[in-house]
Novice: 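My structure is below; once you've seen it, I'll send some questions.
Computed from heavy atoms alone, side chains included, the values below leave out hydrogens, waters and symmetry copies. Numbering of ligands and ligand atoms starts at 1, following listing order.
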Amino acid sequence: MAGCFITFEGGEGAGKSTQIERLKRRLEALDQPVLVTREPGGSTRAEEIRAFILGGHAKHLGPFAEALLFAAARIDHLDKTIVPALERGTHVLCDRFADSTRAYQGSAGNIDKALIDQLERVTLRGSKPDLTFILDLPAETGLARARERQAGRGESADRFEGEAASFHHSLRRAFLSIARDEPKRCVVINADQEPDEVEAAIWASLRERLPQLAQSRAPDEALRPLDVA
Ligand SMILES: Nc1ncnc2c1ncn2[C@@H]1O[C@H](COP(=O)(O)OP(=O)(O)OP(=O)(O)O)[C@@H](O)[C@H]1O
Ligand SMILES: [Mg+2]
């Protein structure tokens, strides 16, 4: 059985990484095989592109060239990491994916939607997520969380966290609009609540949308008839 492809989207500090780890633990407790990965990155070449983009080196090229770099990274990530995992029956939990390109470069970066659509088609080649959680909260709340986390680790803001407030507001609108356009694939989760509550909302929605994942996967031994000879 092929694995399920689940992506987590939302603005800065929405709680994507936190919730992916929690979902991974829940699935593993049910013996479901899981791979956690992220964008940009998730493969050797794509991680090199990630360092270039998030280091701010692509900013002066403009949002379209940035979108092309994300696409190049995504192609390698799909080919080397995501598709092979799905084919061997492992579920893939991905921290950001193509909707982030739509929101960051498309809506907030003002790239024409038709162009983003075309780019997405040739990049994904049919590998659309089965389910996407859009973690929604006011931009200010997410940015404050991200800043607090960075202060704790002695880090500075990355390429996108440094953008103006209007950029982050348009990101939120963009993610909500994607969810409205594709209600079968996307679920909006209220991320402005305690981590346990966000986790429960994600789990409830996963049980409804992909019930086969929320069940224990019997170990191979249990599936074999008893050897009575
Ligand atoms: N529901 C929550 N309430 C309060 N704080 C939270 C919540 N979820 C996560 N946090 C904290 O907020 C910070 C950001 O969370 P996290 O790193 O999971 O977000 P993210 O969406 O992955 O952010 P980024 O886009 O920067 O990668 C972390 O310090 C995390 O511990
Ligand atoms: Mg994160």
Side-chain angles (χ1 to χ4, degrees), residues 6-27 34-43 46-47 49-56 58-59 63 66 70 73-74 77 81-82 92-109 129 131-176 178-179 186-206:
I6 303 173
T7 57
F8 283 68
E9 300 278 6
E12 312 290 328
K16 301 176 293 296
S17 305
T18 304
Q19 294 300 329
I20 282 184
E21 276 309 310
R22 286 172 175 236
L23 181 57
K24 175 179 186 262
R25 282 204 293 273
R26 277 190 185 250
L27 292 173
V34 185
L35 175 81
V36 169
T37 187
R38 67 169 184 186
E39 287 219 346
S43 64
E47 287 289 334
I49 300 176
R50 175 190 180 96
F52 185 77
I53 299 174
L54 297 187
K59 189 177 178 181
E66 227 168 28
F70 276 108
R74 187 159 299 136
H77 186 205
T81 306
I82 297 175
V92 175
L93 307 183
C94 187
D95 194 334
R96 295 195 180 283
F97 193 62
D99 297 321
S100 280
T101 300
R102 288 188 171 276
Y104 280 70
Q105 284 72 45
S107 301
L131 178 61
T132 296
F133 291 111
I134 294 186
L135 271 53
D136 178 61
L137 82 178
E140 291 76 11
T141 311
L143 284 168
R145 284 184 191 171
R147 277 192 210 104
E148 208 173 302
R149 181 194 56 200
Q150 278 152 2
R153 295 180 186 169
E155 296 168 354
S156 52
D158 75 19
R159 153 79 181 87
F160 295 104
E161 284 158 359
E163 288 281 355
S166 58
F167 180 89
H168 294 285
H169 291 144
S170 70
L171 278 182
R172 185 184 190 189
R173 283 196 299 276
F175 281 122
L176 292 175
I178 291 168
C186 301
V187 181
V188 177
I189 300 286
N190 172 14
D192 194 7
Q193 42 181 353
E194 290 301 312
D196 286 353
E197 294 173 297
V198 180
E199 180 183 346
I202 288 173
W203 187 246
S205 150
L206 183 113

Novice: Of the listed options (Glu194, Arg145, Gln150), which comes nearest to atom 3 (N) of ligand 1 when hydrogens are ignored and any heavy atom counts?
Specialist: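 Residue with the shortest heavy-atom distance to the ligand atom: Arg145.
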
Novice: State the NE2-CD1 distance between His77 and Ile49, to the nearest 0.5 angstrom.
Specialist: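 Nearest 0.5 Å value for the NE2-CD1 distance: 12.0 Å.
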
Novice: Measure from the side-chain N and O atoms of Thr7 to the backbone N and O of Phe97, and report whether any donor-acceptor pair falls under 3.5 Å.
Specialist: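 No, Thr7 side chain to Phe97 backbone: no donor-acceptor pair under 3.5 Å.
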
Novice: For the atom pair CD1 (Ile134) and CZ (Phe8), what is the distance rounded to the nearest 0.5 Å?
Specialist: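 The CZ atom of Phe8 is 11.5 Å from CD1 of Ile134, to the nearest 0.5 Å.
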
Novice: On a heavy-atom basis, I'd like to know which of Ser17, Gly15, Ala191 is closest to atom 22 (O) of ligand 1.
Specialist: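 Looking at heavy atoms only, the winner is Ser17.
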
Novice: Determine yes or no for a side-chain-to-main-chain donor-acceptor pair under 3.5 angstrom, with Arg38 supplying the side chain and Asp95 the backbone.
Specialist: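 Judged by distance alone, no pair lies under 3.5 Å.
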
Novice: Which of the atoms of ligand 1 are close to Glu161, meaning less than 4.0 Å from one of its heavy atoms?
Specialist: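 Checking each atom against Glu161, I get 26 (O).
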
Novice: How close does the nearest protein non-hydrogen atom get to atom 24 (P) of ligand 1, and which residue and atom is it?
Specialist: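 Its nearest protein heavy-atom neighbour is Gly13 N, 3.6 Å.
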
Novice: Has ligand 1 got any nitrogen or oxygen that is less than 3.5 angstrom from a nitrogen or oxygen of Gln193?
Specialist: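 Yes, at least one N or O pair falls under 3.5 Å.
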
Novice: Do Lys16 side-chain atoms and Cys94 backbone N/O form a donor-acceptor pair below 3.5 Å?
Specialist: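 No.
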
Novice: Quick one: does Gly10 get a heavy atom under 4.0 Å from ligand 1?
Specialist: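 Outside the 4.0 Å threshold, so no.
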
Novice: Distance under 4.0 Å to a non-hydrogen atom of Thr18: what atoms of ligand 1 satisfy this?
Specialist: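 Those atoms are 9 (C), 15 (O), 16 (P), 18 (O), 30 (C).
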
Novice: Is there a heavy atom in Glu197 that sits closer than 4.0 Å to ligand 1?
Specialist: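 No; Glu197 lies far enough from ligand 1 that no heavy-atom distance drops under 4.0 Å.
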
Novice: Sub-3.5 Å donor-acceptor pair from the side chain of Arg96 to the main-chain atoms of Gly10, do we have one?
Specialist: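 Pair found, side chain donor or acceptor close to backbone of Gly10.
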
Novice: Of all the atoms in ligand 1, which lie at a distance below 4.0 Å from a heavy atom belonging to Arg96?
Specialist: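 Matching atoms, with element in brackets: 25 (O).
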
Novice: Who gets closest to atom 27 (O) of ligand 1 by heavy atom: Arg38, Glu12, Arg149?
Specialist: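 The option holding the nearest heavy atom is Arg149.
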
Novice: Considering both backbone and side-chain atoms of Ala146, is one of its nitrogen or oxygen atoms within less than 3.5 Å of a nitrogen or oxygen in ligand 1?
Specialist: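 No, Ala146 has no N/O under 3.5 Å of an N/O on ligand 1.
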
Novice: Tell me whether the rings of Phe160 and Phe167 are parallel (<30°), tilted (30 to 60°) or perpendicular (>60°).
Specialist: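 Phe160 vs Phe167 ring planes: parallel.
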
Novice: Is any side-chain N of the basic residue among Arg102 and Glu9 closer than 4.0 Å to the acidic one's carboxylate O?
Specialist: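 Judged by the 4.0 Å cut-off on N to carboxylate O distance, Arg102 and Glu9 do not form a salt bridge.
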
Novice: Considering all heavy atoms of both residues, which atom of Asp192 and which atom of Arg145 are nearest to each other, and what is their separation?
Specialist: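 So the minimum-distance heavy-atom pair works out to CA-NH2, 4.2 Å.
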
Novice: Which ligand 1 atoms are under 4.0 Å away from a heavy-atom of Pro195?
Specialist: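 Within the 4.0 Å cut-off of Pro195, ligand 1 contributes 1 (N), 2 (C), 3 (N), 7 (C).
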
Novice: Please confirm if an N, O or S atom belonging to Thr18, backbone or side chain, lies less than 2.8 Å from the Mg ion (ligand 2).
Specialist: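 Of the N, O and S atoms in Thr18, none lies under 2.8 Å from the Mg ion (ligand 2), which means no.
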
Novice: Would you say Gln19 touches ligand 1, if touching means a heavy atom closer than 4.0 Å?
Specialist: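 Gln19: no contact with ligand 1 (<4.0 Å).
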
Novice: For atom 21 (O) of ligand 1, what is the closest protein heavy atom, and at what distance to 0.1 Å?
Specialist: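 For atom 21 (O) of ligand 1, the nearest protein heavy atom is Lys16 NZ, 2.7 Å.
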
Novice: Does one side chain, of Glu140 or His169, offer a donor that lies under 3.5 Å from an acceptor on the other?
Specialist: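 A pair is found: one side chain offers a donor N or O, the other an acceptor, under 3.5 Å apart.
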
